[in-house]
Amino acid sequence: MARITAGIATSHIPAVGAALDLGKTAEPYWAPVFKGYEFSKQWIAEKKPDVVVLVYNDHASAFSLEIIPTFAIGCAERFAPADEGWGPRPVPDVEGHPELAWHIAQSTILDEFDMTIVNKMDVDHGLTVPLSLLFGQPQAWPVKVIPLAVNVVQYPPPTGNRCYNLGKAIRKAVESYPEDLKVVIFGTGGMSHQISGPRAGLINSKFDHAFLDNMTKNPKKIVAMPHMEYMREAGAEGVEMVMWLIMRGALDEKVNEVYRFYTVPASNTAVGHIILENPRKGSARRPAKKPVAKKATTKSKTKTKIKRAAARAKVHRVRS
Ligand code: DHB
Ligand code: FE
């Protein structure tokens with residue numbers, strides 16, 4: 001049987017992809033962002049999922065205002081990186097998992113979710129930037145990816161409740177797939193950001209931290225949050241965070257938070273990232289394995305103290 005073992009939420013800022021592609025990750029502006037993903041890269045390299053179900057939104061790259069699917073699942077063999085105006089990103093094509101994707105499409109549609117089946121689609125920064133953050137710059141992505149695009153661009157996006165329930169339906173679908181596959185689900189976008197208009201540049205760290213806390217401990221609280229509250233508190237594009245609830249719905253009610261990272265700013269956005277694991281059946285709750293220790297610099301000593309305190313609380317966090 002296939003299983004969803006963990007969920008990852010992360011921002012999907014296009015400039016982060018450009019920084020990586022242009023070799024700027026060590027620059028003072030970008031270094032703290034990439035440092036925040038070091039643990040995660042090691043974590044996912046150790047977990048070795050067979051398939052990632054990657055929930056993201058298309059930013060008018062594959063779809064336009066002519067066709068606006070609320071939920072669209074990529075069932076193709078391959079997906080090429082989209083040209084978003086500067087040529088496609090120099091990243092590998094994404095290899096899909098058509099059998100599992102079709103199975104999820106069938107199961108969720110019969111469970112009354114209106115899923116659009118997509119057999120040809122280019123994938124934009126919403127999908128490729130999270131892959132880069134978690135897997136770096138390989139010749140080929142080390143995992144098969146099922147793209148799941150959600151409309152959060154044109155009103156009305158799906159409600160948080162619908163997203164959460166879709167997550168549950170995806171889990172049911174995965175668990176009824178006969179092959180033994182380890183599946184990790186990504187929810188991308190956010191956190192607070194507003195790209196245009198008088199409130200451009202808006203960041204609301206208090207809202208973001210509360211959202212991260214609720215993702216782990218009290219998802220029901222955010223499931224009921226109306227779109228207007230996302231937009232008022234976290235900016236017009238902050239509504240991307242409803243997609244995180246698809247990931248959360250696919251996990252157990254009680255999860256282990258193995259990692260959290262938050263930093264401001266990157267481009268126009270507050271970077272938020274969290275890794276949640278389903279507790280292994282029959283095993284006691286265990287803290288995450290620590291990443292390989294780095295030589296401490298004066299600047300990193302304060303962070304080390306925070307990390308140690310977090311480890312004592314059985315949670316590994318970095319907050320900048
Ligand atoms: C930015 C963030 C996004 O999530 C996005 O889709 C586009 C731009 C930004 O911060 O610039
Ligand atoms: Fe976005």
Side-chain angles (χ1 to χ4, degrees), residues 8-22 24-25 27 29-30 32-34 36-37 54-65 68-72 74 79 81-89 91 121-134 147-158 160 163 186-205 207-208 211-212 215 227 230-231 233-247 261-274 320:
I8 297 180
T10 176
S11 308
H12 61 210
I13 303 159
V16 168
L20 193 73
D21 300 342
L22 299 171
K24 296 182 178 207
T25 55
E27 289 186 1
Y29 182 84
W30 292 111
V33 175
F34 290 97
Y37 286 82
L54 204 153
V55 180
Y56 74 110
N57 66 294
D58 176 77
H59 302 74
S61 305
F63 306 121
S64 67
L65 291 183
I68 308 167
T70 301
F71 300 117
F79 305 90
D83 183 347
E84 299 181 57
W86 293 269
R89 285 192 63 210
V91 293
M121 173 166 75
D122 290 350
V123 287
D124 73 10
H125 67 271
L127 184 138
T128 62
V129 168
L131 287 182
S132 297
L133 284 168
L134 271 295
L148 203 158
V150 180
N151 166 44
V152 292
V153 170
Q154 172 62 49
Y155 190 84
C163 288
F186 284 28
T188 76
M191 297 190 87
S192 53
H193 63 304
Q194 171 135 353
I195 308 278
S196 59
R199 296 203 310 161
L202 178 144
I203 299 284
N204 183 347
S205 297
F207 175 92
D208 292 338
F211 195 90
L212 288 163
M215 277 292 288
H227 296 130
Y230 283 92
M231 294 170 73
E233 297 298 327
E237 281 76 21
V239 78
E240 286 181 342
M241 279 184 268
V242 287
M243 295 186 290
W244 291 27
L245 294 174
I246 298 179
M247 175 277 263
F261 172 63
Y262 183 84
T263 191
V264 175
S267 191
N268 300 291
T269 301
V271 176
H273 171 42
I274 196 163
S320 301

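Atoms within each ligand, like the ligands themselves, are counted from 1 in listed order. It should be emphasised that the depicted structure is a prediction, and the values quoted were computed from it without experimental measurement. All values below come from the heavy atoms of this structure, side chains included, with hydrogens, waters and symmetry mates left out.
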Query raised in the report: Just by distance, with hydrogens left out, do His59 and Glu240 show a side-chain donor and acceptor under 3.5 Å apart?
Result: yes
Requested in this report: Below 4.0 angstrom from a heavy atom of Ser267, which ligand 1 atoms are there? Numbered from 1 as shown, please.
Outcome: 9 (C), 10 (O), 11 (O)
Requested in this report: Please work out which of Glu237, Gln194, His193 has its closest non-hydrogen atom nearest to atom 4 (O) of ligand 1.
Outcome: His193
Query - Check: Gly189 main-chain N/O paired with Trp244 side-chain donor or acceptor under 3.5 Å - result: yes
Query raised in the report: Does Asp208 use its side chain to pair, donor to acceptor, with the backbone of Ser192 at less than 3.5 Å?
Result: yes
Requested in this report: Look only at the side chain of His193 and the backbone of Ile203, and say whether a donor-acceptor pair between them is shorter than 3.5 Å.
Outcome: no
Query raised in the report: Sub-3.5 Å donor-acceptor pair from the side chain of Ser11 to the main-chain atoms of Gly190, do we have one?
Result: yes
Query raised in the report: Side chain of Gln194, backbone of Leu202: donor and acceptor closer than 3.5 Å?
Result: no
Requested in this report: May I ask you to list the atoms of ligand 1 that are less than 4.0 angstrom from any heavy atom of His12?
Outcome: 4 (O), 6 (O)
Query - Protein N, O or S atoms lying under 2.8 Å from the Fe ion (ligand 2), listed by chain and number - result: His12 NE2, His59 NE2, Glu240 OE2
Report task. Could you tell me whether the side chain of Asp58 and the main chain of Ala149 form a donor-acceptor pair under 3.5 Å? Result -> no
Report task. Return the residue, atom name and 0.1 Å-rounded distance of the protein heavy atom closest to atom 10 (O) of ligand 1. Result -> Thr269 OG1, 2.5 Å
Query raised in the report: Should Ala15 be listed as contacting ligand 1, given a heavy-atom distance under 4.0 Å as the test?
Result: no
Query raised in the report: Using the ring of each side chain (for Trp, its six-membered ring), is His125 parallel, tilted or perpendicular to His12, with breaks at 30° and 60°?
Result: perpendicular
Query raised in the report: Looking at Glu240, which atoms of ligand 1 are within less than 4.0 Å of one of its heavy atoms?
Result: 4 (O), 6 (O)
Query raised in the report: Any idea which atoms of ligand 1 are less than 4.0 Å away from a heavy-atom of Pro14?
Result: 1 (C), 2 (C), 3 (C), 5 (C), 7 (C), 8 (C)
Query - Mode of Ser11 contact toward ligand 1 - side chain, backbone, both, neither (heavy atoms, under 4.0 Å) - result: neither
**Report entry** Verdict with reasoning, Leu20 to Trp30, per side-chain contact (heavy atoms from CB on, under 4.5 Å)
**Finding:** CA-CA 9 Å; Leu20 193 73; Trp30 292 111; over 6 Å; no
**Report entry** Polar side-chain atom of His227 near backbone of Pro158 as donor-acceptor pair, under 3.5 Å
**Finding:** yes
Query raised in the report: For ligand 1, which atoms have a heavy atom of His125 less than 4.0 angstrom away?
Result: 5 (C), 6 (O), 7 (C)
